Amino acid sequence: MPRHALTRSGASVVLSVALAGTLVPLFPGAALAADGPAAEVVVPAPVRYQPRADTVLEAGADGFLHQREGTTGTLWTEYATGATTPLTATGDGYGGMRAALDPATPGAPRTVSITALGSTETRKVEVPEGASWTKGFTADSILVSRPAADGSLASLGVVRMRDGKAVEQPVTGVPGGFRLMHGVAYQRTAKGAVVFLATPDGAVEKEYLVDYATAELRELPDHGDVDLEQFGDRHLLDRYGGDTVLHLRTVPRDDPMATPVVTKLPSPPQGYRVDPLWPTLIGDWIVFGWSPESWATKLPGVRLQAIPVGGGEVRSLLAHSTAAPQAAPDGSLLVTGGAGATDWAVRRIGRDAAGVPVVTKVDDVPPATTTVDGLTLGAGVLHYRATSDASPYPALYERLLSVTGTPTAGNRILRRSVPAAVDALVPLGNGESAHQTGSDVLAASGEHADGMYGRLSGGSGRYVVSGTATTQYVGDLQRQFGTRSFSGRGASAVWGTTVWLSDPAKPSTVSWYDVKTKATSAALAIGSGCTPDRLQAVGRWIHWSCAKGAKAGVWDQKTRLSTPVPFGETQLGDGFVVRKDGAAGKLTLTDVHTGDPAAVRTTDFASVPAGADWSVDKFGGHVAFTDAEERIHIKPVTVPRSPIAVIEDRVDATVLNVADGRDGAWHGTWQLSRPAVRTSMEIRNRAGATVAAWSSGDRSGARFSMAWDGRGGADRAFVPAGHYTWTLSADPGDGSGPRTLRTGTVQVADVHLPFRDYDRDGIGELFSRSGGGLTAHEPVKAASTTSTGWTGVNHVVPFGDLDNDGCNDVLTRTTTGDLYRHSAKCGGVVTPTSPKAKIGAGFNAFDALLSPGDMSGDGRPDLLARVRSTGDLYLYADNAAGGIGGGVRIAGKWNGLTLIGAGDLDGDGHADLLTRDAGGELWRHRSTGTGAFHPRVLVFSDWGAGRDAIIGAGDVDGDGKNDLVSRDANGKLLRNSGRGNGTFGPTIQIGSGWGARGALY
């Protein structure tokens, strides 16, 4: 399923779709606007996806023997002419040659006849007197043996005919005292053969290589665990260590007892393994194969590679190949393979001038033809079944069409095999199609709905409908046991989440049922004058058909009018109906898009043979049909389409959890009424600023999916926790431009704990205390939560997460000077009964207690306290154990200042402190991250007069930046929005009547 390129604006996204590839538009050349009538496209008659089997049995000097699927017996094909003739190869031989000992003739020398396959010429070689033929031979020689008196091997010889006489060349190196086992030669090639010698008692057995060119006998090494397996013209090869060990050993052909050279094969790519049967020699190279661990690719064979003996750079030879390569007399190899069914051939692996393996084509293998047996078109995705005589099951194929302009068809994709005895394919509009097998409905993806009886009649996205004459069924392909039945209903159709039903008890009406909301409608009059036994639904259009009376019509939900249309084999599109008239050999089109029965018109649309398969793309507007040659025509429809819309969606719950490392991305999937050339998503914060935006040409039919990991900005940092608004737009490519389809909200939480956020919505809480009540306020939402029973408390400190439970806590100081931690619940204000712990005593000595956030650089919140008598300022750091450590003096003589803990104001990751002096100036003290401050910076001059409370309340306006809230003497609540650089915007009023709220924290 593809992963496609997208345009991003400070966002990190994940796309989940049903294709595979890179993040690019599926059809980069598609026009974004209609540019004239689109032309009809003809897809060639389908060929079977799997190549025709053709196995090379022998590679001769002049041709090769092979067995091809679809033919009987074996064939001989000549290299020079390509002529192929049936040939039944009998007798003993190899490499396209056969040899046999001629019947003995009294008084005449014994002879061996040598013939080449495909030739009538015979070469005869005499067997010298007293010698025996070992069955070793070449095109013009034979290998003979002579016994000694004791039965042991006396000699071996290579015999050739010279001027009509047999000339024997003795083989050197024959050891004494050994017998020739079985009297025959093995592993025969044009260069030599292998013989097995043993002592008379069989105690010692040895393997030797006879070299015809030099007439030498060379002892072969005994590697113990495996015999030599491949005999090349320069090397001999064996593998060892079992099927999974990637090591091969070779020795020189002219010195087999030399120290073996070990060649380590590279590790195969993911999903492949080294095929143990394929290592083959050609020159100084080893040819080997990587076979898939599973045959999910549906293409046979292995990926053929080559590596130099001893190791080196690997060369790719063939993407797919079948059967082990066969050696030809000249040392080259013949193998069948290629890129696919239309690029399948018998190929030769030879060597170039530098000795490097090269692949050339010898003979094309024609693809296996198929017959189209059912097709469907939905949202620009063409599915069709193709049946081949050689396959027991039809295969389901897919082609993707361009969204705009001429519906150009993309490459063919094999989806799966489907049973032969299935009803028609049904388009789902989400890149899939469905078919029925028994009581199950299966999608091409493998998703299924069970308990679906009767005949499959329609589908839309994840939902499918089927029915009998008395009961209708709606199934959810993504939910097991999600099928619902409707008894007493005569027909059904589905569009989006709406199922349409007819009721024999209420003729001339239909009703609907919403699969998600479970809502139902009353009976709706459609003016049919009969009970429909077939329904179709596309957008605002409901097609009804009554076999009794042989009539049909299209009911328009917008106008509530029913337009008569031709009765028969029909399919509904967006504002039109296509009917197949097999007797007349044509498709007709009835245009009903205006909704006015008086404006309806029926025209001839296309000529088709009586048995043609055909389909209307109700999600896209095209019509597909086959001709007599099994070609598939895709013809555009010019009827205006309805506006693009969302007909079903699935969006994750509105909380994004990523703090603990889980995949907490927010996911959404939308099913559209028609494909879009580009979809766009924009995510904004409460202030309306865009924090993430992206667009993509990716689609799966008319469905697309997007995901957001909660990051934004150029640095791809996590956005502050809070509620964000997403807006989905789509461009249908018809010149109307992008259209907003959906908006919604997503709550980002647990990314980090924002300063003073107590309910994980990213908004800082402002606390007030009046009497025994403690209230948490979010002014921007006009929301508040109050808890009561707070007695014996003289100060409240909104704090960070002190007890490591993932929620910001609250500190309180009692009238006796004890300091308590109250564990919050991430859901608003704490209560007196919330879990608490005493974390300090003697805090009545301080006239200011506040938390600016993290000042010490350990990522945990800290407490600042000012001594009433001296003005000394102390830092109490979080001890990471649910409490605070000992106080450390960090400044002195801070008397007369209003201290304001403000959180991180400039984005450097450290908490900042604000102070207001007696003259009304507001200063910012930027933390160093080590428990100290940089020199103060003036924020506002002559500011703060008449304000009785100034609170660094966190982000209260939802823009992701910490703000400043204050109250004046008239009870007005004021806000200065933080700019994220340590400064603030102008003062604006956000509330009134706050004088009665008591103390603010």
Side-chain angles (χ1 to χ4, degrees), residues 755-756 763-771 773-782 784 794-799 813 846-853 864-866 868 871 873 891 893-906 911-926 933 936-959 961-1001:
F755 186 60
R756 295 178 63 117
I763 304 299
E765 267 76 15
L766 175 68
F767 285 83
S768 68
R769 188 169 64 89
S770 178
L774 181 64
T775 303
H777 305 270
E778 288 189 359
V780 70
K781 296 194 297 185
S784 63
N794 62 18
H795 195 74
V796 175
V797 183
F799 209 75
R813 183 180 63 188
F846 301 107
D847 64 353
L849 287 175
L850 63 151
S851 175
L864 289 179
R866 184 179 61 190
R868 180 180 291 104
L873 191 63
K893 298 183 179 179
W894 280 52
N895 312 73
L897 298 175
T898 302
L899 306 185
I900 307 154
D904 183 8
L905 295 174
D906 55 8
D912 296 322
L913 179 69
L914 297 175
T915 61
R916 181 186 61 175
D917 63 20
E921 277 69 37
L922 187 69
W923 302 87
R924 178 168 65 93
H925 304 260
R926 188 164 64 92
F933 296 109
R936 67 179 185 174
V937 175
L938 182 64
V939 178
F940 288 122
S941 296
D942 194 19
W943 182 91
R947 305 188 195 213
D948 62 5
I950 305 174
I951 309 297
D955 178 18
V956 297
D957 59 5
D959 66 353
K961 303 175 182 64
N962 288 330
D963 306 318
L964 192 61
V965 174
S966 57
R967 181 179 61 189
D968 68 11
N970 296 318
K972 295 178 181 178
L973 194 66
L974 310 171
R975 185 188 74 225
N976 294 86
S977 294
R979 292 170 171 161
N981 61 0
T983 65
F984 297 93
T987 301
I988 62 172
Q989 181 178 340
I990 60 174
S992 59
W994 280 72
R997 301 279 186 175
L1000 298 186
Y1001 304 99

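Since this is a predicted model, take the numbers as computed values, not measurements.
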At what distance, to the nearest 0.5 angstrom, does NE2 of His795 lie from CZ of Arg769?
9.0 Å
Grab the two heavy atoms, one from Ser851 and one from Pro798, that are nearest each other, plus how far apart they are.
CB-O, 3.8 Å
Look only at the side chain of Asp948 and the backbone of Ala969, and say whether a donor-acceptor pair between them is shorter than 3.5 Å.
no
Rounded to the nearest 0.5 Å, how far does OG1 of Thr983 lie from CG of Leu964?
11.5 Å
Contacts of Ala891 meeting side chain to side chain contact (heavy atoms under 4.5 Å, CB included) (sequence neighbours excluded), chain-then-number -> Leu873, Trp894
Hey, is the main chain of Asp955 close enough, under 3.5 Å, to the side chain of Asp963 for a donor-acceptor pair?
no
Atom pair CG/CD1 of Leu973 and Ile988 - distance to nearest 0.5 Å:
10.5 Å
Name all residues meeting the salt bridge (charged side-chain N to carboxylate O under 4.0 Å, His left out) criterion together with Asp917; count only those two or more places apart in sequence or in a different chain, and write none if there are none.
none
Under 3.5 Å, side chain of Asn962 to main-chain N/O of Gly903, donor-acceptor pair present?
no
Under 3.5 Å donor-acceptor, Arg967 side chain and Trp994 backbone
yes
What heavy-atom pair brings Leu849 and Ala865 nearest, and what distance separates the two atoms?
CD2-CB, 3.5 Å
Rounded to the nearest 0.5 Å, how far apart are CG of Asp912 and CZ of Arg936?
15.5 Å
Kindly indicate whether the side chain of Leu899, heavy atoms from C-beta on, has any atom under 4.5 Å from the side chain of Leu864.
no
Are Leu850 and Leu913 packed together at the side-chain level, in the sense that at least one heavy-atom pair is separated by less than 4.5 angstrom?
yes
Check whether any side-chain N or O of Arg866 sits under 3.5 Å from a backbone N or O of Leu897 as a donor-acceptor pair, and report yes or no.
yes
Check the surroundings of atom CG in Asn981: do more than 12 heavy atoms from other residues, nucleotides or ligands lie under 6.0 Å from it?
yes
For the pair Arg813 (side chain) and Phe846 (backbone), establish whether a donor and an acceptor sit closer than 3.5 Å, ignoring hydrogens and angles.
yes
Are any non-hydrogen side-chain atoms of Ile950 and Leu914 less than 4.5 angstrom apart?
no
Who pairs with Asp906 by salt bridge (charged side-chain N to carboxylate O under 4.0 Å, His left out), at least two apart in sequence or on another chain?
Arg924, Arg926
Check whether any side-chain N or O of Arg916 sits under 3.5 Å from a backbone N or O of Glu921 as a donor-acceptor pair, and report yes or no.
no
Of the non-hydrogen atoms in Asn976 and Gly985, which two are nearest, and what is the gap between them?
ND2-O, 3.0 Å
Shortest non-hydrogen contact from Ser784 to Thr775?
CB-CG2, 3.8 Å
For Ala953 and Val965, which heavy atoms make the closest approach, and how far apart are they?
CB-CG2, 4.0 Å
What I'd like to find out is whether the side chain of Phe984 reaches to under 4.5 Å of the side chain of Leu905, using heavy atoms alone.
yes
So which atom in Ala911 and which in Pro852 form the shortest heavy-atom distance, rounded to 0.1 Å?
CB-O, 3.0 Å
Given side chains that start at C-beta, do those of Arg947 and Thr987 come closer than 4.5 Å, heavy atoms only?
yes
When rounded to the nearest 0.5 Å, the distance separating CD1 of Ile951 from CD of Glu765 is 13.5 Å
